[in-house]
Amino acid sequence: MKIAVVRFPGSNCDQDALWALRSDVGVAAEYVWHEATSLSGFDGVFLPGGFSYGDYLRCGAMAARAPLMSAVRDLAERGHPVIGACNGFQVLCEAGLLEGALLLNHSQKFVCRDVRLRPETQKGLWMESQSQVLRLPIAHGEGRYIADRENLSRLNGEGRVAFRYVDSAGDATEDANPNGSVENIAGIVNEAGNVLGLMPHPERATNARIGGTDGLVLLRAFSAMKV
Amino acid sequence: MGLSHDEYGLICDRLGRTPTPTELGMYAVMWSEHCGYKYSRPILAYFKRYKESLEKNSLENAGLVDIGDGLAVTMKVESHNHPSAVEPYQGAATGVGGILRDIFTMGARPIACLNSLRFGPIREGEASPETVARNRYLFEHVVAGIGGYGNCVGVPTVGGEVVFHPRYSGNPLVNAMAVGMMKIDEVTTAAAAGIGNPVLYLGSSTGKDGIHGATFASENLTEESEARRPNVQIGDPFAEKLLIEATLEALQTGAILAIQDMGAAGLTCSTIEMSAKGGVGMEIDLDLVPMRESDMTAEELMLSESQERMLCVAHPGREQEVLDIFHRWGLPAVVIGRVTSGDRVVARRHGVIEADVPAAHLANECPTYVNSPQEPERFQKDRSWSPDAWPDVSNGSEALMTLLASPTLASKRWVYQQFDQEVQTQTRVRPGAGDAAVLAPRGTQKGLALALDGNSRWVAADPLVGGQLVVCEAARNVACSGAKPVAVTDGLNFGSPQQPEIYWEFDQAVLGIARACEALQTPVISGNVSFYNESELGPIPPTPMIGMLGVLEDATRSLGLALGPVPTRLVLVGYKNSVRQQGLGASAYGSEVRQEEVGCPEAPQLEAELRLTHWLAEQAYLSRFTCAHDVSDGGLAFTLAEMAMPHQVGIEVDLSTTSLLSPDLSRRDAQLFGEFPGWVVVGLAADTNWDLLQESARSAGLHLIELGEARPNSNEFKIRSEGQEVIRLNLDEMCRQYEGSIPRCFV
């Protein structure tokens with residue numbers, strides 16, 4: 001297993017992802033420049049957070065059209081795991097690999113804090129156990145997930161909502177929703193289940209030294225996913 | 001332009017002719033207070049390391065701290081007060097951008113930002129409705145600007161402070177601090193060298209923004225300042241992020257011989273300083289500079305403060321390697337000139353020489369001025385003030401609730417949640433969780449503790465003592481996090497130095513800081529002076545801000561301030577004070593509860609402070625504490641409240657024996673809210689041997705006083721003294737007050 005960590009100009013969680021995968025998850029990982037056109041030799045893709053292309057136009061809009069994205073699409077279609085965290089989630093939505101969009105937070109402000117996530121699906125086997133509530137950090141200005149009614153009912157009906165923001169009791173309350181996302185949705189997967197997009201940062205919670213290891217569950221599943 | 005008649009004379013004499021408009025502009029910025037330190041240089045000589053390195057012309061290396069493991073840390077504070085007063089978002093954003101460039105231009109990767117902010121009151125009734133609205137606008141947009149820039153460049157904002165006071169209404173303060181880390185043998189230089197070597201312009205193109213920003217920073221704010229809006233630079237954090245990556249990558253090739261950022265005074269400052277440092281000259285062709293508008297004049301090009309630009313000298317024949325890297329990152333990069341022999345910086349536009357000036361004259365020979373300091377009249381009155389003027393506190397609970405509701409003392413969650421505190425995944429103790437932020441950098445066991453602190457109440461009342469106190473407090477903050485304090489960067493914000501009383505404040509405060517830094521073995525490695533912080537409302541209070549770096553031998557032994565989920569013994573650590581005004585002079589209790597700013601702060605004992613900070617770091621390393629928090633604004637009661645609130649842990653303490661530390665302590669308000677230097681509250685780890693701890697404290701000349709217990713199952717905050725209950729509050733109530741203070745101003 002070898003994972004490509006994509007670097008767009010303006011990505012800023014690329015190093016964190018690379019380190020987390022290599023040192024804490026223990027899987028091979030390499031940077032791939034946005035202008036590359038091939039992902040040959042790679043088995044999975046990590047689209048990191050940041051402000052790709054300075055968030056110009058719309059978050060993720062320019063990155064979704066970067067040369068490398070056709071290779072990412074190919075890999076995804078062949079069933080390889082692809083994860084997009086934060087800006088990476090925005091890129092996946094803009095690229096049409098996932099439904100919906102991410103808008104300015106309800107508070108109109110950037111928000112950085114820990115959230116609790118309740119796993120909602122076993123699709124793609126990102127989470128072995130659905131009973132484990134994860135505590136992961138978020139850091140975004142545009143994380144309010146929306147989808148139209150049709151897509152929303154498909155996501156719910158097909159079990160493709162991956163995570164919801166919940167409170168300490170495990171309930172998806174309004175107070176537990178940090179950005180105003182519809183139905184407290186924090187992350188979703190594609191139909192096949194191999195593409196996951198989420199606003200929280202699993203790569204920021206892989207080491208007790210910096211306060212948390214809940215991201216490891218997710219990234220270990222990612223690196224172990226069979227094609 | 002800010003040059004005096006005499007200064008103009010000096011320039012004509014040196015050039016042997018009248019300067020061209022471009023040259024005059026160059027002199028005006030280089031000889032502004034912002035760049036030339038006209039009034040501050042003589043007084044900054046109090047800082048030993050600064051003085052020595054100035055004499056040895058080695059200021060660059062003075063800015064490095066060797067933390068072992070082959071690693072060095074560098075840090076610096078910079079003010080962006082005036083731009084933020086007229087254009088808060090961009091003013092604050094470019095303040096962050098500028099200080100980050102100061103760090104990576106040394107070859108260090110920026111690993112953390114902090115900020116220290118001052119605004120006028122934001123609570124209704126504390127100023128006129130228009131002023132409150134204006135202050136809120138400035139506060140909200142400054143915070144957004146800092147976040148907008150720092151979040152995008154991917155450098156975590158890990159700490160800082162915000163204070164509100166009527167005297168900042170006309171002139172807010174925005175000081176940004178950045179910290180960088182590098183391999184110690186990879187430090188770069190700004191000294192140009194090698195006759196004929198190519199000079200490269202790197203980064204964003206040059207526009208007409210920010211022209212004369214440095215001169216703007218060196219005058220008072222007036223109603224006309226609004227017209228200065230075009231002098232404010234516009235930041236592009238995306239370009240900065242690319243610039244960081246491209247610069248650090250290019251430095252790794254070894255093709256760069258010398259490099260400097262284009263900060264204040266842009267091309268002027270970078271060409272002049274690099275030449276002066278290297279004892280060489282430079283010839284540049286301004287036609288080659290990437291421009292946003294083609295009709296720019298030489299003067300505009302030389303003085304523009306367009307952001308996200310660097311200047312470098314490459315080794316001969318290796319310029320292409322540098323250009324290629326920048327182009328790959330999508331940034332302009334072009335050779336604009338050569339290093340020359342001699343000492344002149346020559347700039348051509350359309351083939352005509354528009355400037356031909358002696359570099360060292362502009363860089364190093366800015367005339368300095370010494371004013372005669374004058375002690376203000378009120379100072380003697382404050383010194384002889386006694387708390388006997390006040391009746392003792394009648395309701396301790398009510399007084400504590402008043403303190404908790406003060407926006408200055410209350411939780412800053414509303415602020416720091418807007419900052420990415422964790423990108424780069426090295427943040428171990430986040431804002432609000434400890435007295436200092438703690439980073440656990442990759443590649444070393446060690447941890448870095450960072451604090452940025454100021455207290456203008458203390459400094460305004462007694463600049464000499466206040467200057468010492470802010471250093472001691474910052475040192476205590478990093479020590480409470482488990483680190484040994486090792487170095488200081490300072491941001492010195494004052495009014496006009498041409499006023500004798502303000503010059504006195506500056507002189508005394510810097511002397512106080514210098515003495516404390518020497519005693520605490522924390523040299524001042526860098527700093528910034530911001531004068532002319534005055535408006536129609538008068539000068540700001542003297543506001544030195546101290547950025548403190550501490551080092552932990554093992555990052556995982558760091559401490560936060562919050563009491564945890566197990567019953568914990570609470571102990572007060574300190575040295576014996578002899579107090580003049582029972583900790584109530586210039587206290588938060590005075591200004592917030594008594595609504596009177598009178599008296600002087602208590603003086604610290606510097607030698608005892610050194611022992612205290614080292615002892616705290618040692619005990620933290622031995623895992624003897626679960627948490628630690630120093631006593632500062634609001635005294636012991638407020639400190640205990642801040643430890644109890646995060647996880648809503650009830651406490652029951654008795655303050656009767658605190659008088660062992662201060663024999664003159666007779667008043668209840670002093671016991672609860674007095675601000676005594678050198679006091680720290682610690683929570684003992686369950687397995688800590690009390691006798692051993694006592695023994696080691698005694699040998700460090702420190703005293704331990706048992707206060708009581710923290711009770712995780714209780715929701716009550718109870719303080720007793722001499723057999724009476726003096727505070728009894730419910731933690732929910734306290735948290736609502738403390739957490740809601742700032743958000744309540746924005747509903």
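Residue numbers start from 1 in every chain, and the chains themselves are labelled A, B, ... in the order their sequence lines are given, proteins ahead of strands. If you're wondering where the values come from, they're calculated on a predicted model, not measured in any experiment.
Ranked by heavy-atom pairs under 4.5 Å with chain A, the first of Ser558(B), Gly147(B), Gly154(B) is Gly154(B). Counting heavy-atom pairs closer than 4.5 Å to chain A, the top-ranked of the candidates Pro237(B), Gly148(B), Cys152(B) is Cys152(B). Per-residue counts of heavy-atom pairs under 4.5 Å with chain A were compared for Val155(B), Thr556(B), Asn151(B), Thr427(B); the largest is that of Asn151(B). Among Gln417(B), Arg328(B), Lys241(B), Arg428(B), the residue making the largest number of heavy-atom pairs under 4.5 Å with chain A is Gln417(B).
Interface remark: Asn105(A) contributes no atoms to any contact with chain B (heavy atom separation under 4.5 Å). For Pro441(B), the part lying under 4.5 angstrom from a heavy atom of chain A is the backbone only. Of the atoms belonging to Glu245(B), it is side-chain heavy atoms, and not backbone ones, that fall under 4.5 Å from chain A. Neither the backbone nor the side chain of Ala20(A) comes within contact range of chain B; no heavy atom of the residue lies under 4.5 Å from a heavy atom of that chain. Using a 4.5 Å cut-off between heavy atoms, Val153(B) contacts chain A through its backbone alone, with no side-chain atom that close. Residue Ser11(A) touches chain B through its backbone alone, counting heavy-atom pairs closer than 4.5 Å.
The 12-atom threshold is exceeded at NE2 of His327(B), counting heavy atoms of other residues, nucleotides or ligands nearer than 6.0 Å.
When all heavy atoms are compared, the tightest approach of Gly10(A) to Leu242(B) is N-CD2, 4.0 Å. Across every non-hydrogen atom of Gln424(B) and Asp16(A), the tightest pair is N-OD2, 2.8 Å.
In this structure, CZ on Arg209(A) lies 11.0 Å from OG1 on Thr425(B), to the nearest 0.5 angstrom. Distance check, rounded to the nearest 0.5 Å: CH2 of Trp414(B) to OG of Ser107(A) gives 10.5 Å. Separating the CG atom in Asp420(B) from the CG atom in Asn12(A) is a distance of 7.0 Å, to the nearest 0.5 Å.
Within the 4.5 Å cutoff, no side-chain heavy atoms of Arg442(B) are placed close to those of Ile210(A). Residues Arg430(B) and Arg113(A) have side chains not in contact (no heavy-atom distance under 4.5 Å, counting atoms from C-beta outward). Looking only at side-chain heavy atoms (C-beta outward), Arg204(A) and Val423(B) come within less than 4.5 Å of each other. Between Cys112(A) and Tyr416(B) there is no side-chain heavy-atom pair separated by less than 4.5 Å.
Heavy-atom proximity under 4.5 angstrom to chain B picks out Phe51(A), Tyr53(A), Gly54(A), Tyr56(A) from residues 49-59 of chain A.
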